[in-house]
Amino acid sequence: MKLVVDLNRCQGYAQCAFLAPDVFAMHGDEALLYNPQPDDAQREYVTRAATACPVQAILVDSLDDASAPAEEGKSGVR
Ligand code: SF4
C-alpha cells in the first residue's frame, strides 16, 4: 500500500505514531517520519491513524487513485 502525509497540514499531534508505530514515528517534537510504502499488513493500523489524524493529513493509496491531484496541493503553496 502507499500513503502520503501532507506535511504542510501535519501539526505533529502524533496520533498516527501511537496508532501505527511501525509506519509513523515522531522525530523530535514536530517532525514526522513515515514509511510511504508500508506492508499491506499495516493497512488496518494506517487506516486508523488516517482517521484519527486531527487535520486529515494522511492520504492512503492516493497515488494509486489519481495521478493529477498532487499538482493541486502545490499550486496554493509557493
Ligand atoms: S496524526 Fe496527523 S497531524 Fe498528527 S503527526 Fe500524524 S499526520 Fe501529523
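The chain is numbered in sequence order, starting from 1. Values below: every heavy atom of this structure, side chains too, minus hydrogens, waters and symmetry copies. As the structure lists them, so they are numbered: ligands from 1, and atoms in each ligand from 1.
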Enumerate the salt bridge (Lys or Arg N to Asp or Glu O under 4.0 Å) contacts for residues 45-59, please, sequence neighbours excluded, ordered by first and then second residue. E44-R48

Any chance you could measure [X], atom [atom1], to [Y], atom [atom2], to the nearest 0.5 Å?
{"X": "L3", "Y": "N35", "atom1": "CG", "atom2": "CG", "result": "7.0 Å"}
{"X": "M26", "Y": "Y13", "atom1": "CE", "atom2": "OH", "result": "11.5 Å"}
{"X": "D61", "Y": "T47", "atom1": "CG", "atom2": "OG1", "result": "8.0 Å"}
{"X": "F24", "Y": "L33", "atom1": "CZ", "atom2": "CG", "result": "11.5 Å"}

Under the salt bridge (charged side-chain N to carboxylate O under 4.0 Å, His left out) rule, collect the residues that match up with R9, sequence neighbours excluded. D6

Atom 3 (S) of ligand 1: which protein heavy atom is closest, and how many Å away? Q11 N, 3.3 Å

Going by chain and number, the hydrophobic cluster around Y45 (ILVMFWY, side chain to side chain under 4.5 Å) further includes none

Near atom 6 (Fe) of ligand 1, which protein N/O/S atoms fall under 2.8 Å? C16 SG

What atoms of ligand 1 come closer than 4.0 angstrom to any heavy atom of V55? 3 (S)

